[in-house]
2 protein chains.
Amino acid sequence: MQRTRGRAPTGGRAGALSREVIVGAAVALLDERGERGLTFRLLAKQLNTGPGALYWHVTNKDELVALAADQVLGDALAAAPRPEEGAAAGSGLRVLATAVFDALDRHPWAASHVNAPATRENALRLLDRIGTLVARTGLPAERHFAISTAISYYITGVSAQIVAPRAPDAPRAPDGAATSRDAYLAHTAERWGELDPVDYPFLTRTTTDLRHHDDRDQFTTGLDLLLEGLNATADPRPPT
Amino acid sequence: MQRTRGRAPTGGRAGALSREVIVGAAVALLDERGERGLTFRLLAKQLNTGPGALYWHVTNKDELVALAADQVLGDALAAAPRPEEGAAAGSGLRVLATAVFDALDRHPWAASHVNAPATRENALRLLDRIGTLVARTGLPAERHFAISTAISYYITGVSAQIVAPRAPDAPRAPDGAATSRDAYLAHTAERWGELDPVDYPFLTRTTTDLRHHDDRDQFTTGLDLLLEGLNATADPRPPT
DNA sequence: ACCTGAACACCGTTCAAGT
DNA sequence: ACCTGAACACCGTTCAAGT
């Protein structure tokens with residue numbers, strides 16, 4: 001629960017524990033083996049301690065994973081340039097959103113742990129940045145909160161959905177042992193093709209789209225729809 | 001792995017096991033105690049068997065939870081009336097989306113297990129219904145897949161984000177022991193209020209919105225933005 | 001075909017004891 | 001203040017054995 005303070009880490013024995021060191025190692029382990037693969041015993045061994053030592057710095061596994069996810073989000077925010085003063089809100093939101101998506105794409109376990117309503121540091125920063133951009137639109141102030149959180153929910157929620165199958169410990173398909181993304185898509189495309197066109201008129205004619213789609217495009221398609229809706233609402237077309 | 005076939009359930013001993021019975025009991029247990037609270041031992045005891053018996057009907061816990069989530073989705077689809085032939089796509093999508101949100105709101109553990117790309121029966125039905133509605137808009141056919149999946153991602157992903165804190169085993173806030181939703185919101189609103197307005201200009205002036213917001217409104221706000229974007233894209237305003 | 005229940009190989013977490 | 005590591009109270013899953 002306590003951070004190391006006082007002496008610099010190098011002042012003690014090499015590789016002294018600290019919350020930062022533990023979270024860093026946890027991120028690496030999560031990337032490698034997923035949420036189920038992260039174990040206090042394994043993490044402790046990699047840090048040359050016993051499992052009990054970790055509990056001095058971290059309350060429990062939930063907190064550890066939440067801290068790790070927030071660190072991923074922090075990297076994403078650092079990568080996304082703060083928009084200039086005068087820049088359009090829409091483009092600022094777009095670069096912010098895609099930066100977060102890209103980070104979550106590299107750390108698929110993290111997306112579902114970015115909590116809402118925001119409490120951890122970088123989740124707070126993300127929502128504040130979104131809100132600041134939304135406030136630049138012509139929308140009435142009383143709608144800023146609902147719209148900002150909606151955008152924030154879109155970013156993390158949709159990213160989580162898209163990216164979840166990439167997690168090292170994601171549950172596999174009910175039948176196939178398909179392992180690569182292409183094989184998996186080919187397999188489910190085939191299943192869609194075998195459905196009854198009367199019951200599933202849409203899916204049965206969409207199998208090639210499924211097979212060839214790009215995950216990042218999926219994210220931006222919905223995002224652009226959302227931002228387009230924002231435009232249309234901020235600057236409604238005159239009634240005809 | 002096998003369904004019961006042949007004799008009707010009542011033909012054997014009362015309360016004979018079957019995949020359906022197991023999934024039904026799992027839903028009840030998940031509602032009551034959350035995903036961590038669902039245990040093969042506990043579930044078996046409630047069904048008057050040993051844990052091993054369940055594995056005859058279900059591959060493992062991942063599959064069990066996925067089946068339970070798909071059942072919840074099925075209930076939602078049954079509740080959402082199929083749109084009439086001529087009805088507008090937008091309104092059809094809206095009733096479908098809110099029906100799913102409402103179901104996931106009642107079963108908060110389910111949202112994150114509605115898988116994508118869709119493979120289970122009711123996830124397939126949902127995406128097909130969305131696609132059929134999207135196909136009614138004036139949008140070019142080659143965009144139908146991307147847009148339909150984007151909407152589907154919005155529905156399940158954003159619902160998952162909004163509804164997750166409601167789950168019986170959701171991780172609690174880092175500091176408070178707040179338990180009711182109101183107490184939790186009041187608590188984090190207070191934390192927002194204590195932030196530095198220079199670093200968090202938006203959040204610090206938005207605490208009352210946080211305190212009084214409605215979760216369902218959050219969902220529909222983003223949904224309406226998305227559908228508005230759909231409108232604007234399907235029927236673009238003439239360039240000025 | 002379907003069920004039983006003990007057993008295996010783990011977990012997260014605690015805590016007395018050390019330095 | 002911080003670390004150690006054994007111990008507790010569980011898990012999911014398997015499997016020989018039953019009916």
For atom CG of A:L43 and atom C1' of D:dC3, their distance in whole Å: 15 Å
Counterpart residues, salt bridge (charged side-chain N to carboxylate O under 4.0 Å, His left out), relative to A:E190 (two or more places apart): none
Earlier contact from the 5' end, DNA chain D, for A:R41 and A:G50: A:G50
Under the side-chain hydrogen bond (donor to acceptor under 3.5 Å, both in side chains) test, residues paired with A:T149 that sit two or more places apart: B:Q218
Interatomic distance, B:E63 CD vs D:dG12 P [rounded to whole Å]: 15 Å
Qualifying side-chain hydrogen bond (donor to acceptor under 3.5 Å, both in side chains) pairs, either residue in residues 64-73 of chain A, two or more places apart: A:D70-A:N122
Phosphate contact (D:dC3 OP1 or OP2) by A:W56 side-chain N/O below 4.0 Å: no
Atom pair CD1 (B:I162) and CG (B:D217), whose distance is rounded to the nearest 0.5 Å: 9.5 Å
Residues in contact with DNA chain D, drawn from residues 22-39 of chain A - heavy-atom cutoff 4.0 Å: none
Rounded interatomic separation in angstrom, taking NZ from A:K61 and C1' from C:dG12: 8 Å
For DNA chain C, stems built from three or more consecutive Watson-Crick or G-U wobble pairs below 3.5 Å: C:4-8 with D:12-16, C:12-16 with D:4-8
Pairs where residues 29-48 of chain B contributes a residue and the test ring-ring contact (aromatic ring centres under 6.0 Å, His included) is met, not counting sequence neighbours: B:F40-B:Y55
Partners meeting side-chain contact (heavy atoms from CB on, under 4.5 Å) with A:T207 (sequence neighbours left out): A:A189, A:W192
No-hydrogen, no-angle side-chain donor-acceptor test under 3.5 Å, B:W109 and B:D169: no
Length of the line joining A:D169:CG and C:dC11:P, which is rounded to integer Å: 13 Å
Selection residues 95-113 of chain B - residue pairs positive for salt bridge (charged side-chain N to carboxylate O under 4.0 Å, His left out), sequence neighbours left out: B:D102-B:R216, B:D105-B:R166
Length of the CG-C1' vector between B:L54 and C:dA1, whole Å: 16 Å
Under 4.0 Å protein heavy-atom contact, by nucleotide of nucleotides 14-19 of chain C - B base, S sugar-phosphate only: BB----
Separation of D:dC2 C1' from A:H57 NE2 (nearest whole Å): 7 Å
Residue list, side-chain contact (heavy atoms from CB on, under 4.5 Å) with A:P201, at least two apart or on another chain: A:R205, B:D128, B:T132
Where at least one partner belongs to residues 33-43 of chain A, residue pairs that pass side-chain hydrogen bond (donor to acceptor under 3.5 Å, both in side chains), sequence neighbours excluded: A:E35-A:H113, A:R36-B:D62
Those residues that, when tested against B:R129, pass salt bridge (charged side-chain N to carboxylate O under 4.0 Å, His left out) (two or more places apart): none
Rounded interatomic separation in angstrom, taking CG from A:L42 and C1' from C:dC10: 13 Å
Among D:dT13, C:dT13, C:dC2, the one nearest B:F40 by side-chain distance: D:dT13
